[in-house]
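In this text, all values refer to a predicted model and were calculated from it rather than measured experimentally. In what follows, every heavy atom counts, from backbone to side chain, and hydrogens, waters and symmetry copies are set aside. To find a chain, count down the sequence lines: A is the first, B the second, and so on, and within it residues start at 1.
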Protein chains: 2
Amino acid sequence: MKKDTSRKTITESDVAKHAGVSQSAVSRAFTPGASISPKTREKVIKAAEELGYHPNLLARSLVTNRSNIIALAISYLENPFYAQVVRELSQKLRESDRHILLFSAPDGNQPDPDLEKVLRYQVDALILTGTKASPDLKDQCRKAGVPIVQINRKSDLSGISTVCGEDFEAGQIIAQHLLDGGHKRFAYIGGTEGSNTSRIREEGFRDALAKAGIKDVMVRYGANKFEAAAIAVRELLDSKMPPDAIFCASDYMAFAAMDVARNEYGLKVPEDVSVVGFNDVPDASHAAYNLTTYSQPAGALVDEAVKLVDELIENPSKRAQRREVPGELIIRTSSRQKAA
Amino acid sequence: MKKDTSRKTITESDVAKHAGVSQSAVSRAFTPGASISPKTREKVIKAAEELGYHPNLLARSLVTNRSNIIALAISYLENPFYAQVVRELSQKLRESDRHILLFSAPDGNQPDPDLEKVLRYQVDALILTGTKASPDLKDQCRKAGVPIVQINRKSDLSGISTVCGEDFEAGQIIAQHLLDGGHKRFAYIGGTEGSNTSRIREEGFRDALAKAGIKDVMVRYGANKFEAAAIAVRELLDSKMPPDAIFCASDYMAFAAMDVARNEYGLKVPEDVSVVGFNDVPDASHAAYNLTTYSQPAGALVDEAVKLVDELIENPSKRAQRREVPGELIIRTSSRQKAA
DNA sequence: CTGAAAGCGCTTACAG
DNA sequence: CTGAAAGCGCTTACAG
């Protein structure tokens, strides 16, 4: 009668016994570049397969100090830009056999309390986007030697590296595009008031407008969310002198702007009002919106962020970095190109 | 001169020394319900804070056989329904101090090779949605005692538990709604040909139509993606007898259908063609679409999935379960309600 | 190239 | 309630 072994965890020792080698040999068979003869490795691999052995990465991490786990703290997952960041990051990390441990932050501008527990998982790095780390967490991470990289938001905390798009220049370029289109009354819908990224885009936008003699820009915040952006747009369109050009700090909010303008106010886009977004998410090119937007591809941001993470892991004493990823204006049909 | 201790990992032993207690006492201080005096616990907590100690969950998992990590394998993250699953699951799991290790599968119907490595992370369970496990992985998980729960897709593999909506009934109800609206020519856009969920919705749809004497249903597949769905819709609308009612197996594909119908074919929705979706994602209620859809909230599916996971962890010998989560038809303005 | 041994940071009987 | 000790599954000098 066979003993039921179905529930027992198979370890290196089990494989070693089965293959007739030492437990260290089994370890070496699963360590790329380790000193082991091909013959022994083969024996081990065969035994491992027969037994259904899986190396325990968590046990390994205990001694290597590498978990191959990268924490990703993120919010606004319903916003397609952020969803894309998750996809691209996951894809990128698998090249190096690493995986994402997800901390989905509640929206808002305050740090997620749950994230304070991130260090318990011995993550190799922490990547943030659409949310922020508490000053305390930042200190803890520094002490623990865990690099933090923020995507798409410049940090107020020194010591946190960031990867962003060319926010200021993008704001300028968009303003110029709208000026060229003959628009007269400009509005900006930012993410949240506390966001530096949102602020810098606004500054670029205002800068170019000011140079053209335009000081007046209506400003609202849409919290990177659809409904909140819709409310902001209604406020703008309800005003005495409604804008004929709206720049939204994210495509998702731009979608809300177009929906509200068309369906609730009967306005034509771009004849009555032009709408410009930011990010160039996949949905932006769909016929329903065909949105003029500043391309800031999640893929490029993520690639740079991972590169930065690896540099910081490699060289923990390296100073925090600020990197910019170039983008470009994508002109589609949601913005007028000639004077009205 | 102080020694630089900034990069050294703080362990229980360090805290123990600092607090003047044994290392086991430190462990107990961090174990809810452990036998320890309040006074000792306080001392330990204080020392831990002073030192910046974080319990190492991976080390703990080595002895408890619980990692508090749940693997989530998912694809179609650009589809808002799946993004919502991520959010809801993450939210739900934090109640029990667990977190998601993400395996973002490339789209398509074949299992993700990267997922084969999931067991190395000693995850407590594997949740799948929009993707599937290889038969081999299924076996490995069973052997390792790691439960698998699939959301929103009935498995062809026995031994995998599933949590789905009422797909058949939903198909019937939608058909009836469209019949009541006086529609004559019906089309169905499924996810992928291999998906049971998609097939079952179609069967329900056909069943109710057949009872009304309608045998003819045009069928296309949109791969749960926007562009692929758009192509499918063009095929339908280009045909000699284009449908006046299109049921899409997901809201996201329904958005594509509405966009194509309106913008490329100049059709009015619902006057010329009605469109019905599935899921009731947040965007479905936006003015641009205001989509009639079958509500199958990600939150409810996720809650049931976690409940199931916990039951299976608790009782590993339990048979695979099939659970259905009830939904309801949400009638908005993308479908006609009276005979044309 | 190989094996025996120490040690990574924890939990948990065990004895007191 | 407390501490000393064993052990979870690995990697990595060390000696051969």
Side-chain angles (χ1 to χ4, degrees), chain A residues 7-45 47-48 51-69 97 117 119-124 144-145, chain B residues 7-45 47-48 51-69 97 117 119-124 144-145:
Chain A
R7 197 104 305 149
K8 180 77 184 58
T9 327
I10 314 285
T11 72
E12 279 183 348
S13 303
D14 299 321
V15 178
K17 204 171 300 167
H18 195 71
V21 299
S22 74
Q23 178 253 7
S24 352
V26 178
S27 172
R28 292 191 181 103
F30 283 95
T31 307
S35 149
I36 186 174
S37 75
K39 213 176 67 188
T40 312
R41 162 170 280 136
E42 255 172 58
K43 266 198 301 192
V44 170
I45 299 296
L51 262 38
Y53 168 71
H54 302 275
N56 182 332
L57 248 47
L58 307 193
R60 162 188 296 189
S61 80
L62 212 51
V63 21
T64 61
N65 267 313
R66 286 279 171 274
S67 61
N68 281 1
I69 298 175
D97 262 320
K117 292 178 185 155
L119 287 174
R120 302 184 170 200
Y121 287 98
Q122 314 300 114
V123 298
D124 292 340
Chain B
R7 196 107 303 147
K8 180 75 185 62
T9 326
I10 315 285
T11 71
E12 279 184 348
S13 304
D14 300 321
V15 178
K17 205 171 300 166
H18 194 72
V21 298
S22 74
Q23 177 253 9
S24 354
V26 178
S27 172
R28 292 191 182 101
F30 283 94
T31 307
S35 150
I36 186 173
S37 75
K39 213 176 66 189
T40 311
R41 160 169 281 134
E42 257 171 56
K43 266 198 301 192
V44 171
I45 298 297
L51 262 37
Y53 168 71
H54 302 277
N56 182 332
L57 247 47
L58 307 192
R60 163 189 294 189
S61 80
L62 212 51
V63 20
T64 61
N65 266 313
R66 285 279 171 274
S67 61
N68 281 0
I69 298 175
D97 262 320
K117 293 179 185 157
L119 287 173
R120 302 186 171 197
Y121 287 97
Q122 313 299 113
V123 298
D124 292 341

Would you be so kind as to tabulate the donor-acceptor pairs closer than 3.5 Å made by side chains of residues 26-33 of chain A, with sequence neighbours excluded?
unit_1: A/Thr31; atom_1: OG1; unit_2: A/Ser27; atom_2: O; d: 2.8

Just distance, no hydrogens or angles: give the donor-acceptor pairs under 3.5 Å from side chains in residues 58-66 of chain B, sequence neighbours left out.
unit_1: B/Ser61; atom_1: OG; unit_2: B/Leu58; atom_2: O; d: 2.7
unit_1: B/Thr64; atom_1: OG1; unit_2: B/Arg60; atom_2: O; d: 3.2
unit_1: B/Thr64; atom_1: OG1; unit_2: B/Arg66; atom_2: N; d: 3.2
unit_1: B/Thr64; atom_1: OG1; unit_2: B/Arg66; atom_2: O; d: 3.3

*For A/Ser24, answer base if it contacts any base atom (sugar-phosphate contacts may also be present), sugar-phosphate if it contacts only those atoms, and nothing otherwise; contact means non-hydrogen atoms under 4.0 Å.*
base

*Would you please name every residue forming a salt bridge (Lys or Arg N to Asp or Glu O under 4.0 Å) with B/Lys117, sequence neighbours left out?*
A/Asp97

*Once you round to the nearest 0.5 Å, how far does CD of B/Gln23 lie from CG of B/Asp14?*
10.5 Å

*Gap between atom OH of B/Tyr121 and atom CG of A/Asn56 - 0.5 Å precision*: 11.5 Å

*Closest heavy-atom contact between B/Ser67 and B/Val123?*
OG-CA, 3.7 Å

*Can you run through DNA chain D from 5' to 3' and write each base as (, ), [, ], | or . depending on how it pairs? Watson-Crick or G-U wobble, both distances under 3.5 Å.*
|||.||||||||.|||

*Using a heavy-atom cut-off of 4.0 Å to chain B, what are the terminal contacting nucleotides of DNA chain D, in 5' to 3' order?*
D/dC1 to D/dG9

*Quick one: CG on A/Leu51 to CD1 on A/Ile10, what's the gap to the nearest 0.5 Å?*
5.0 Å

*asked:* So if I take residues 25-41 of chain B and measure heavy-atom distances to DNA chain C, which residues fall below 4.0 Å?
replied: B/Ser27, B/Arg28

*Taking all heavy atoms of A/Pro55 and all of B/Gln122, pick out the closest pair and write down the distance.*
O-OE1, 4.3 Å

*Looking only at heavy atoms, what is the nearest atom pair of A/Ala25 and A/Thr40, with distance?*
CB-CG2, 4.3 Å

